[in-house]
K.L.:
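Pasting a structure below so you can have a look.
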Amino acid sequence: MNAMNSILSKAKTEKNGLAGIALDSYGSTDDSVAFVHKDSLSENHPPSPGDLHAAEQGIYFRDGRRRIDFVLVFEEEDPGSKKSKRKKKKAAESGEVKEKSPEEKNDQYRKKFLNNLRKAGCEMEEEISSTGKKTITYIKVFASWDVLCYYAEELNFRAPLQAHPNPSENWSAKVLESLHIPNMMDQEVPNKPLDYYTCVFKKSKLDKFLGSENRDTFFSNTQRHRIVYEILATTPYGKRKRAEIGIDRLIDEGAFQAAYPLHDGSWKKPSHSIPAEQLNRRQVLYDYWARWGCWYKYQPLDHIREYFGEKIGIYFAWLGLYTAWLLPASIVGLMVFLYGVLTIGTNTPAREVCNSGGDFVMCPLCDENIGCAYWNLSDTCTQAKIAYLFDHPGTVFFAIFMSFWAVTFLEYWKRKNASLAHHWDVMDFEEEEERPRPQFAAMAPSMEKNPVTGIKEPHFPDEDRFKRMMAGAVIIIFMMVMVLIFVLGVIMYRVLISIPLFQSVMFRAQASNIANMSGACVNLILIMASGIVYQKIAEKLTEWEMHRTQTEHEDSYTFKVFIFQFVNFYSSIFYIAFFKGRFVGYPGHYNRFFGLRNEACGQGGCLVELAQQLAVIMIGKQVINNAQEIIVPKIKNYLQRREVAKGMEKSSEPARWEEDYQLIENEGLFEEYLEMVIQFGFITIFVAAFPLAPLFALLNNWVEIRLDAHKFVCEVRRSVSERAQDIGVWFNILDALVQLAVISNAFIIAVTSEFLPRLLYKYEKNWNLDGYVNFTLAYSPPGAMSQECRYKEFRDKDGSFSLFYWRLLAIRLGFVILFEHVVFFISRLIDIMVPDIPESLEIKIKRERYLAKQALQDQEHIMAGGLAGVGEEDEGGDDEFAVTTQGRKGATRMDAGNVYLSVPTADV
């Protein structure tokens with residue numbers, strides 16, 4: 001409380017000639033607040049020693065005052081190099097000297113683009129590194145104050161009115177504290193970002209904002225980056241009709257090699273010891289988050305959001321909550337698996353299989369005429385024991401548990417997301433504040449009035465977009481058909497490879513396992529390869545569809561890729577779970593496909609094969625992805641550093657912009673979300689067949705968080721800060737997966753597992769399952785085979801289904817209906833009982849509605865009495881001057897007719 005009073009008193013000292021100004025100095029964070037006398041600051045104030053040191057490190061222009069907002073990089077071959085001479089000679093010999101070369105076109109594009117940037121108000125400075133082979137030019141970009149103010153209003157930035165301590169609470173910390181247990185997950189992260197009372201930025205209200213006296217530091221680095229990127233993305237370099245607009249297109253054309261904002265210095269701590277408060281923000285994130293030693297600590301979400309923006313902050317908040325919720329699921333899944341291990345000796349059917357000897361002669365698993373032999377059921381003793389580990393009563397309980405777990409997890413994420421959106425001031429971002437994408441604005445054919453804002457903005461006809469989306473849908477369907485063809489190819493591979501294995505005496509016992517495991521590996525390779533190809537196609541299709549906002553663009557791209565990847569990853573698993581072995585026929589009447597006998601389940605049953613397929617695809621995918629995230633960035637970094645180092649003197653220390661150019665390009669969050677959502681499908685849709693799936697997911701996610709954190713902090717260039725209200729369409733996909741998981745698990749238990757047949761046999765025949773194995777094996781019809789044999793089906797001697805089969809079918813259908821209705825009903829109850837917005841927030845919203853009505857009548861009086869703390873900062877506000885108050889007890893945004901409130905959030 002004393003700390004809060006201290007900060008509040010400092011924030012209010014402007015009345016006495018003091019202002020809250022964020023000063024840049026060596027090792028400090030950019031937005032830390034140091035309070036100095038405002039008269040000591042002026043436009044001509046000389047740079048401090050800290051500023052000069054930062055300038056030497058490459059964060060400022062040469063004058064030491066203008067901070068670098070963005071860096072553009074292009075490379076040119078040295079005119080005297082051998083490669084350049086060869087190109088000129090080849091062009092002269094081919095008679096192409098009259099046409100402009102690609103290098104000349106790029107040079108023309110760059111000159112026009114940079115000239116337009118200057119007209120837009122950007123200031124630039126060049127740095128050149130040259131060797132005998134190539135020249136690397138770094139163009140440092142700085143946005144002037146007037147440009148920043150104009151775009152801050154255009155982009156609906158929010159500005160601080162008053163600072164106060166940033167609240168952070170963890171329910172786990174409260175529980176441990178109440179139990180007087182030391183909290184090993186807690187840590188004190190230095191330079192915690194302050195929380196602010198904020199409102200929409202208006203230049204006309206500039207004097208009301210905290211720190212407005214210092215133009216150099218009023219806008220944060222992330223805000224400056226966002227503004228400059230907006231300019232870069234909408235500046236033309238050629239004809240607009242040909243969409244020759246924006247830095248991204250120039251990079252694609254090869255006119256520039258890179259465009260990026262700078263990191264806040266090195267992530268490595270200085271060799272000499274310095275206080276933690278003097279670390280820069282990048283060093284703080286590495287030391288308290290990205291290090292492997294922080295795997296069990298709370299994530300500093302406010303620091304992540306401050307440095308990378310809300311979009312990345314929300315991703316890590318979701319990933320942290322998801323990983324935390326995997327812990328109880330993993331424990332229950334492990335207990336279910338151990339129950340199977342401990343009770344395997346009591347499994348009567350497995351014991352009967354192992355003790356049967358030569359009593360049960362089984363029919364060949366492929367045609368007799370190609371050499372497949374008869375075999376004894378006792379040969380599958382090991383498979384029968386393994387099958388019990390994944391097919392016992394505990395797995396039914398676990399499937400129900402995971403259905404409720406998934407529903408509850410999504411409900412609590414909605415609460416967490418609502419708190420974060422209020423806390424980070426993005427609650428109404430998508431509905432009210434999001435502007436058209438720069439690429440959309442540049443390529444839209446017309447301008448029309450926005451029905452919500454009344455402002456003219458770029459427009460693309462909905463009819464044309466619909467036609468393009470339909471054309472894209474045809475391509476998506478074609479690609480999904482290709483995936484199904486690949487699955488069919490894998491099925492045929494398994495059938496063909498199993499024939500020689502069954503013919504071999506050495507491999508006959510393990511023929512099915514070898515065919516299934518090798519088939520799963522082939523399927524995994526096809527899945528990973530086809531996924532890479534399709535994502536490129538989906539990206540081009542989404543660009544072509546011309547979506548207005550970045551959220552709509554990303555949602556469309558996400559939906560396309562996920563639909564494909566869903567079919568890609570899950571089609572083979574669905575086949576094994578619900579179709580394999582269902583249409584085989586019986587001896588003498590086998591069904592065939594392309595002349596080959598339809599594939600039957602192996603000796604251990606389809607559930608064991610399903611568990612094998614899940615383990616290979618899920619764990620194999622995780623291993624490959626993690627190996628890629630560890631190895632590929634390091635290889636790319638090495639190659640990039642080696643290439644850039646050719647243009648630098650070995651004795652010179654690289655400047656900040658050179659250090660960052662040596663890093664690899666940031667590819668965004670799409671791949672991270674996709675990996676986690678596919679994993680979520682594995683642990684929910686098919687969890688009845690593989691109870692260890694949550695455990696493997698938990699182990700993977702502990703590694704994943706560290707890899708992603710280290711990648712963003714140390715290995716990739718800093719991304720432009722993006723605002724986001726939630727995880728977007730990914731939540732809808734997760735919700736759909738949860739609904740599908742209930743249906744899928746119901747059918748796996750009813751159709752694929754032996755749970756219901758054993759239960760019915762217990763009820764009708766023998767409670768101890770004595771004789772169950774013999775009961776499940778039918779006899780081959782007379783004369784169908786060269787000798788009498790057994791096969792696993794509920795059929796009579798003539799091949800027709802027995803009465804037990806029909807009773808079992810009715811019970812299976814009844815179980816599916818009952819399971820679905822019970823789970824969906826309880827899930828709905830959970831949805832109702834766990835509100836999307838916490839109850840405390842609901843109460844405050846009702847209170848603020850009352851205050852809003854009063855504010856319209858006497859706003860000055862209410863703001864002074866009802867929102868103590870804003871006080872004189874908000875005198876003279878009008879209806880368009882919407883205020884958000886964020887503090888320890890929540891946040892309130894007031895405008896002409898609506899009030900919104902946010903609550904404190906916890907770092908997960």
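This is a predicted model, so every value here is computed, not measured.
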K.L.:
Closest heavy-atom contact between N745 and V687?
P.N.:
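Of all heavy-atom pairs spanning N745 and V687, the closest is OD1-N, 3.6 Å.
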K.L.:
Side-chain contact, heavy-atom cut-off 4.5 Å: Y772 with T348?
P.N.:
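Not touching, per the 4.5 Å side-chain cut-off.
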K.L.:
Side chains of F824 and Q739, heavy atoms from C-beta outward: is any pair under 4.5 Å?
P.N.:
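Side chain of F824 against side chain of Q739, heavy atoms only: contact under 4.5 Å found.
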K.L.:
Would the distance check show the side chain of D796 and the main-chain N or O of G799 forming a donor-acceptor pair, the cut-off being under 3.5 Å?
P.N.:
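Judged by distance alone, no pair lies under 3.5 Å.
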K.L.:
Looking at T776, is its backbone amide N or carbonyl O close enough to the side chain of R790 to form a donor-acceptor pair, meaning the two atoms are under 3.5 Å apart?
P.N.:
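The answer is no, because no donor-acceptor pair under 3.5 Å joins these two groups.
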K.L.:
Quick one: does E411's side chain have a donor or acceptor within less than 3.5 Å of a partner on I830's backbone?
P.N.:
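Answer holds: no.
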K.L.:
Counting only N and O atoms by type, is there a donor-acceptor contact under 3.5 Å from the side chain of H821 to the main-chain atoms of I817?
P.N.:
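Yes: the side chain of H821 pairs with the backbone of I817.
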K.L.:
Any idea which heavy atoms bring A577 and I748 closest together, and the distance?
P.N.:
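Closest heavy-atom pair between A577 and I748: CB-CG1, 4.5 Å.
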K.L.:
Is it the case that over 12 heavy atoms from other parts of the model lie below 6.0 angstrom from the CZ atom of F747?
P.N.:
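Not more than 12 within 6.0 Å, no.
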K.L.:
With distance as the sole test, does S330 use its side chain to make a donor-acceptor pair with the main-chain N or O of P694 at under 3.5 Å?
P.N.:
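Yes; at least one donor-acceptor contact below 3.5 Å.
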K.L.:
Identify the two heavy atoms, one from V816 and one from A746, that lie closest to each other, and give their separation to 0.1 Å.
P.N.:
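Where V816 meets A746 most closely, the heavy atoms are CG2-O, 3.9 Å.
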K.L.:
Test K414 against F731 for side chain to side chain contact (heavy atoms under 4.5 Å, CB included), laying out the working first.
P.N.:
CA-CA 9 Å; K414 284 193 282 189; F731 182 85; 3.5 Å; yes
K.L.:
If you round to the nearest 0.5 Å, how far is CG of L176 from CG of N183?
P.N.:
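With rounding to 0.5 Å, CG (N183) is 5.0 Å from CG (L176).
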K.L.:
Please set out all donor-acceptor pairs under 3.5 angstrom arising from side-chain atoms of residues 353-366, sequence neighbours excluded.
P.N.:
unit_1: N355; atom_1: ND2; unit_2: R351; atom_2: O; d: 3.2
unit_1: S356; atom_1: OG; unit_2: V353; atom_2: O; d: 2.8

K.L.:
Decide side chain to side chain donor-acceptor pair (under 3.5 Å) for N568 and Q565; before the verdict, give the C-alpha distance in whole Å, the side-chain angles of both, and the deciding distance to 0.1 Å.
P.N.:
CA-CA 5 Å; N568 197 19; Q565 294 288 38; 3.0 Å; yes
K.L.:
Out of curiosity, I683 CD1 to I678 CD1, how far, rounded to the nearest 0.5 Å?
P.N.:
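Between I683 CD1 and I678 CD1, I get 12.5 Å after rounding to 0.5 Å.
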K.L.:
How long is the straight-line distance from CZ of F801 back to CH2 of W806, given to the nearest 0.5 Å?
P.N.:
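It is 6.5 Å, given to the nearest 0.5 Å.
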K.L.:
Please lay out, stage by stage, how V703 and W295 fare under the test side chain to side chain contact (heavy atoms under 4.5 Å, CB included).
P.N.:
CA-CA 8 Å; V703 175; W295 67 271; over 6 Å; no
K.L.:
Nearest heavy-atom pair of S572 and Q613: which atoms, and what distance?
P.N.:
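Looking at all heavy atoms of both residues, the closest pair is OG-NE2, 3.2 Å.
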K.L.:
Would you say CG of L179 has more than 12 non-hydrogen atoms from neighbouring residues, nucleotides or ligands within 6.0 angstrom?
P.N.:
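More than 12 within 6.0 Å, yes.
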K.L.:
Would you compute the distance between atom CD of E675 and atom CG of L319 and round it to the nearest 0.5 angstrom?
P.N.:
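Between E675 CD and L319 CG, I get 9.5 Å after rounding to 0.5 Å.
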K.L.:
For a quick check under 3.5 Å, do Y322 and Q679 share a side-chain donor-acceptor pair by atom type?
P.N.:
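The answer is yes; a qualifying pair exists.
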K.L.:
Walk me through whether D708 and Y315 qualify under side chain to side chain contact (heavy atoms under 4.5 Å, CB included).
P.N.:
CA-CA 11 Å; D708 287 347; Y315 164 71; 2.8 Å; yes
K.L.:
Determine whether a donor-acceptor pair (N or O, by modelled atom type, separation under 3.5 Å) exists between the side chain of E352 and the backbone of G771.
P.N.:
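Side chain of E352 to backbone of G771: a pair is present.
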K.L.:
Any heavy-atom pair between the side chains of D798 and P781 that's under 4.5 Å?
P.N.:
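Side chain of P781 against side chain of D798, heavy atoms only: no contact under 4.5 Å found.
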K.L.:
Would you compute the distance between atom CZ of F401 and atom OG1 of T408 and round it to the nearest 0.5 angstrom?
P.N.:
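The CZ atom of F401 sits 9.0 Å away from the OG1 atom of T408.
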K.L.:
What I want to check is whether the side chains of N376 and S378 have a donor and an acceptor closer together than 3.5 Å.
P.N.:
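Judged by distance alone, the side chains do not pair up.
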K.L.:
Checking side chain to side chain contact (heavy atoms under 4.5 Å, CB included) between K621 and each of V623, I619, I624, N625, which is the one that passes?
P.N.:
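Output: one option passes, namely N625.
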K.L.:
The test is side chain to side chain contact (heavy atoms under 4.5 Å, CB included); show your working for Y570 and F686 and say whether it passes.
P.N.:
CA-CA 10 Å; Y570 300 143; F686 308 105; 3.8 Å; yes
K.L.:
A side-chain contact here means heavy atoms from C-beta on lying under 4.5 Å apart; do P757 and R812 qualify?
P.N.:
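Side chain of P757 against side chain of R812, heavy atoms only: contact under 4.5 Å found.
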K.L.:
Using every non-hydrogen atom in the two residues, find where M785 and S780 come nearest and quote the distance to one decimal.
P.N.:
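What the structure gives for the nearest pair is CG-CB, 4.2 Å.
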K.L.:
Enter the distance from S802:OG to L808:CG here, rounded to the nearest 0.5 Å.
P.N.:
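One finds 9.0 Å between OG of S802 and CG of L808.
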K.L.:
Report yes or no: does N417 contribute a side-chain atom to a donor-acceptor pair with the main-chain N or O of W413 at less than 3.5 Å?
P.N.:
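Answer holds: no.
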K.L.:
For residues I617 and F682, determine if any side-chain heavy atom of one lies less than 4.5 Å from a side-chain heavy atom of the other.
P.N.:
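In contact.
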K.L.:
List the residues meeting side-chain contact (heavy atoms from CB on, under 4.5 Å) with I485, not counting sequence neighbours, and say none if there are none.
P.N.:
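Counting only residues at least two positions away or on another chain, I485 forms a side-chain contact (heavy atoms from CB on, under 4.5 Å) with V481, M482.
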K.L.:
How close do V336 and T395 get, counting heavy atoms only, and between which atoms?
P.N.:
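Minimum heavy-atom separation between V336 and T395: CG1-N, 3.9 Å.
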K.L.:
Using side-chain heavy atoms (C-beta onward) and a distance below 4.5 Å, is W318 in contact with M676?
P.N.:
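The answer is yes, as the side chains (C-beta and beyond) meet within the 4.5 Å cut-off.
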K.L.:
Do Y779 and Y791 have side chains that get closer than 4.5 Å, going by heavy atoms?
P.N.:
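No, side chains not in contact.
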K.L.:
Under 6.0 Å between the ring centres of W405 and F409?
P.N.:
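Yes, ring centres under 6.0 Å apart.
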